[in-house]
Each structure stands twice: as C-alpha cells, then as structure tokens.
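Worksheet: one structure, shown below.
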Amino acid sequence: MKFTEFSKYYTSIDDIYGIDPLDKEKILEVSNWFSFRASDYYLSLIDWDDPADPIRRLIIPSPEELREWGDLNPSSEDLYTVAPGLQHKYRETALLLISEMCGGFCRYCFRKRLFVQDEDEVVRDISDAVAYIEAHPEISNVLLTGGDPLTLSTSILEDVLRRLCTIDHVRIIRIGSKIPAFLPMRITGDEELLQMLRTYSTSHRQIYLMAQFTHPRELTLEAREAIAALKTAGVVIMNQTPLIRGINDDPETIAVLLNELAYMGVHPYYLFQCRPSKGNLTYTIPVEESLKIFRDGIAKCSGLARRVRFVMSHGTGKIEILGIFAGRTWFRYHQAADPENIGAIFSCPSDPKAYWLEDYLND
C-alpha cells in the first residue's frame, strides 16, 4: 500500500485555498526554486486567519527563502558516501537513502538538494549497500532515510528490511520519518505495514522510528493513534527536531512539546541547531540564542523529557552544545567521524551572532 492512498496531495501553491492572492504571487517564485508539497490533512492543521501560524510557516514557502545564504550540503554528506545511497560516517552506523520523496517538504530541510536539483543520491538497488554492510561487522545499526522511507510502498520497505535482517551484526534498524506528523493515517490505515514491523522488530533486532514532531500542534488525535499503533507493533519511537525561528523558538513551546512526547511514551532524543542550508536564514536561530531557548525549555520539563540533547550535526560529527562559561561557548563531540574525537570537549570565544561552528572558527 502507498501513502498517497490516504490523502490528497498538493504540489502547487496555486491550488491552496486560504492563501491571499497577493501572498501567492510573492511565494510562487520560491516554489519554483524550492519544491512545495503538502497533504490536505496537514494543511487542515493551519489556522489560515493567523499569518504567523507555526504549521503554516513549517510547510508554506516564504519569500525570504530566496535570500542568498547557506549551502545545499551543509554537513558534507558526500564525504562519507561509500556506495550508491549509502553513507558511513560513524563507526557503528550506516545511513541508507532509500526515498527521494517526503510526506511534505519542510521549508528548512537540510537535504533539500534532493528536491531542487538532479542529484542521484537515493539508492534504487540496495545490493551494493547490503554487501558493504555485510563486510563491515562494526556496523550495528542502519538508519533508513531520504526523503521519507514511509512514503515507499509497504512491499518495497519490507524488501529493504528483510535484506538488512539477513545481516546478523545489524541489531538496530532506524526509520527516519515525519509521516506520523504529516500523514498519520499512512500508519493506522495500513495493517500490512504494522504486521511487517511486528515481524522484523524482535528481541534480537529492534526497529526504531525516529519521528519528527516539531510543534505541539502536530500531536493530534490521529498522530497519537499512529504512535500507539507503532508501539503495539513493537517499534521504539524517538523524536528529533530542529529549533526553527517562528515555529518552536520559545521555551514554552519546547517544554510543551517535550513533555507531551514523554507522556505519549515517545523518547525525546535530539533538538538540533538548524543547519545552514541554502534558503534557511529566515528559519535559523543563532547558536547561543538557541541554547538559551533549550535551557529555559527543559527547565520546565520532567526528568524523562530532559533526556533530549541539543546538538549540531556538523560535517565532523554530532556536536553537543553544552553551555557558555567564562566568555566561551563549550561543545562536546557526542559522536564523531573520527572515533578519537568522541567525547572530546572544546570551546570557542562566545559569539552571539554565530549560526554554525565555522562562524566561531572563522572569527
């Protein structure tokens, strides 16, 4: 079964009811550069009377995306590509790009290059990837991403899981997906998908769903039902989201989001510094402002919700942003491309205008 069977999809701003005609004129040029895509379900979450509505900002293009800033590959993913569609950046983890489609296009996407240029990064035949993973016993977990793997048909996704599950040293398979937020009925309406997940999520090998709830308004009844169905199927659910200007850039929103996720049994995992992707200046918050939002937000959370880490997915690794002390901003390599850097703590002179590590290093 395919995700498109559960909702009507829009790929043109001209077709969206609720946008003022003058606004449409302003944003049509944006959608010519950075693709637009949304389901009628997700669009129904927007308060069209509120021009600052966070769901609207997340999915509807902004003219400010055309400001010159950023890079289409801000985390240098090409440096770690070892086979078609396969990245091996961290010793224990392989990342497999298996879909070039999403349930909706987040305006701040760090992999928007997949949708705006003829990049052939997504794997069609995973044979070479499977052979590489088989030959590297240090790889204990594989992350399926894209795009969004849950936009694939259940039969195609099942074939990928089945082939990975023949590799005994692969003990965790992660599926990175925003479908629980964008189109939760893709999950609740497909018993074949849920049964397949039950089959492959076992005591020997666990399937994780890396959800991407960005704002509390995405936690609808339908989304909660999808999460409950996944849990019943034996899937462990984590959540990760970037901090985004105009969407979740205040402590109260972060606190509500993290607490509600914990109440639902979804484990808060990462809160990301928004990557400096092309077109993202309007969505990005300086590192030290983001850190304050994060700190003030988790201060309102229970201990379980506070397990989340505030990190920067840098080309050299996942860098946890620890705090500011004695005029310096402190960082720690939570994960690193060079295993010798794992756990290393370092600092840079404080810079309230810095958006990314290079801003600190180049001053």
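Bear in mind the structure is a predicted one, so any value in this text is a computation, not a measurement.
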Please tabulate, one pair per line, all N/O donor-acceptor pairs under 3.5 Å involving side-chain atoms of residues 256-266, not counting sequence neighbours.
residue: Asn259; atom: OD1; partner: Ser302; partner atom: N; Å: 3.2
residue: Asn259; atom: ND2; partner: Ala255; partner atom: O; Å: 3.2
residue: Asn259; atom: ND2; partner: Lys300; partner atom: O; Å: 3.2
residue: Glu260; atom: OE1; partner: Arg224; partner atom: NH2; Å: 3.0

**Asked** Salt bridge or not for Glu65 and Lys278, using N-O below 4.0 Å?
**Response** no
**Message:** I need the Leu43 CG to Tyr10 OH distance, nearest 0.5 Å.
**Reply:** 7.0 Å
**Message:** If we check salt bridge (Lys or Arg N to Asp or Glu O under 4.0 Å) with Glu100, which of these qualifies: Arg113, Arg37, Arg124?
**Reply:** Arg124
**Request:** Return yes when atom NZ of Lys24 has more than 12 non-hydrogen atoms of other residues, nucleotides or ligands closer than 6.0 Å, and no otherwise.
**Result:** yes
**Request:** Any chance you could lay out the side chain to side chain contact (heavy atoms under 4.5 Å, CB included) test for Asp71 and Trp356, step after step, and finish with the verdict?
**Result:** CA-CA 12 Å; Asp71 190 322; Trp356 205 242; over 6 Å; no
**Item:** N-O pairing of Lys353 and Glu288 below 4.0 Å
**Value:** no
**Asked** So which heavy atom on Ile27 is nearest to which on Pro61, and how close?
**Response** CG2-O, 3.3 Å
**Asked** Any side-chain donor paired with an acceptor under 3.5 Å for Arg186 and Thr154?
**Response** yes
**Message:** Tell me whether Asp53 is salt-bridged to Arg57, with the criterion being a basic N under 4.0 Å from an acidic carboxylate O.
**Reply:** no
**Item:** side chain to side chain contact (heavy atoms under 4.5 Å, CB included) between Asp359 and Val287, intermediate numbers included
**Value:** CA-CA 10 Å; Asp359 294 333; Val287 171; over 6 Å; no
**Request:** Could you grab the distance from atom CZ of Phe331 to atom CD of Glu320, nearest 0.5 Å is fine?
**Result:** 11.5 Å
**Item:** Residue pair Ile237 / Ala211: nearest heavy atoms and the distance that separates them
**Value:** CG2-CB, 4.2 Å
**Item:** Within-4.5 Å side-chain heavy-atom neighbours: Leu243 and Phe310
**Value:** yes
**Message:** Looking at Phe110, I'd like to know if the NZ or CZ of Arg275 sits under 6.0 Å from its six-membered ring centre while staying within 45 degrees of the ring's axis.
**Reply:** yes
**Prompt:** Minimum heavy-atom separation for Leu143 to Met210, with atom names?
**Reply:** CD1-CG, 4.4 Å
**Prompt:** Under 3.5 Å, is there a donor-acceptor pair between the side chain of Tyr90 and the main chain of Lys318?
**Reply:** yes
**Item:** Main-chain N/O of Pro286 paired with Glu289 side-chain donor or acceptor, under 3.5 Å
**Value:** no
**Message:** With a 4.0 Å cut-off on N to O distance, would you call Glu77 and Lys89 a salt bridge?
**Reply:** no
**Request:** Determine yes or no for a side-chain-to-main-chain donor-acceptor pair under 3.5 angstrom, with His334 supplying the side chain and Gly317 the backbone.
**Result:** no
**Fill in**
Value for CG (Asp296) from CG (Asp250), rounded to nearest 0.5 Å, stands at 10.5 Å
**Item:** Asn280/Tyr108 under side chain to side chain contact (heavy atoms under 4.5 Å, CB included): CA gap, chis, key distance, verdict
**Value:** CA-CA 6 Å; Asn280 273 12; Tyr108 46 81; 4.1 Å; yes
**Prompt:** Have Tyr283 and Ser62 got a donor and an acceptor in their side chains that come within less than 3.5 Å?
**Reply:** no
**Prompt:** Roughly how far apart are Ile98 CD1 and Ile156 CD1, rounded to 0.5 Å?
**Reply:** 9.0 Å
**Message:** Show the nearest heavy-atom pair for residues Ile173 and Leu164, with the distance to one decimal.
**Reply:** CD1-CB, 3.9 Å
**Request:** Using the six-membered ring wherever Trp is involved, compare the ring planes of Tyr270 and Phe272 and label them parallel, tilted or perpendicular (cut-offs 30° and 60°).
**Result:** tilted
**Message:** For a quick check under 3.5 Å, do Thr232 and Arg198 share a side-chain donor-acceptor pair by atom type?
**Reply:** no
**Message:** What I want to find out is whether Glu138 reaches Arg91 closely enough, with some N-O distance under 4.0 Å, to be called a salt bridge.
**Reply:** no
**Message:** Is it the case that atom CD in Glu29 sees more than 12 heavy atoms from other parts of the structure closer than 6.0 Å?
**Reply:** no
**Request:** Measure the spacing between OG of Ser201 and CE of Met196 and express it to the nearest 0.5 Å.
**Result:** 11.0 Å
**Asked** If you look at every heavy atom in Ser39 and Ser7, which pair is closest and at what distance?
**Response** CB-OG, 3.4 Å
**Considering all heavy atoms, the nearest Asp125-Val123 contact** = O-CG2, 3.0 Å
**Exceeds 12 heavy-atom contacts within 6.0 angstrom, atom CZ of Arg67** = no
**Request:** Report yes if the side chains of Met101 and Phe105 come closer than 4.5 Å at any heavy-atom pair, otherwise no.
**Result:** yes
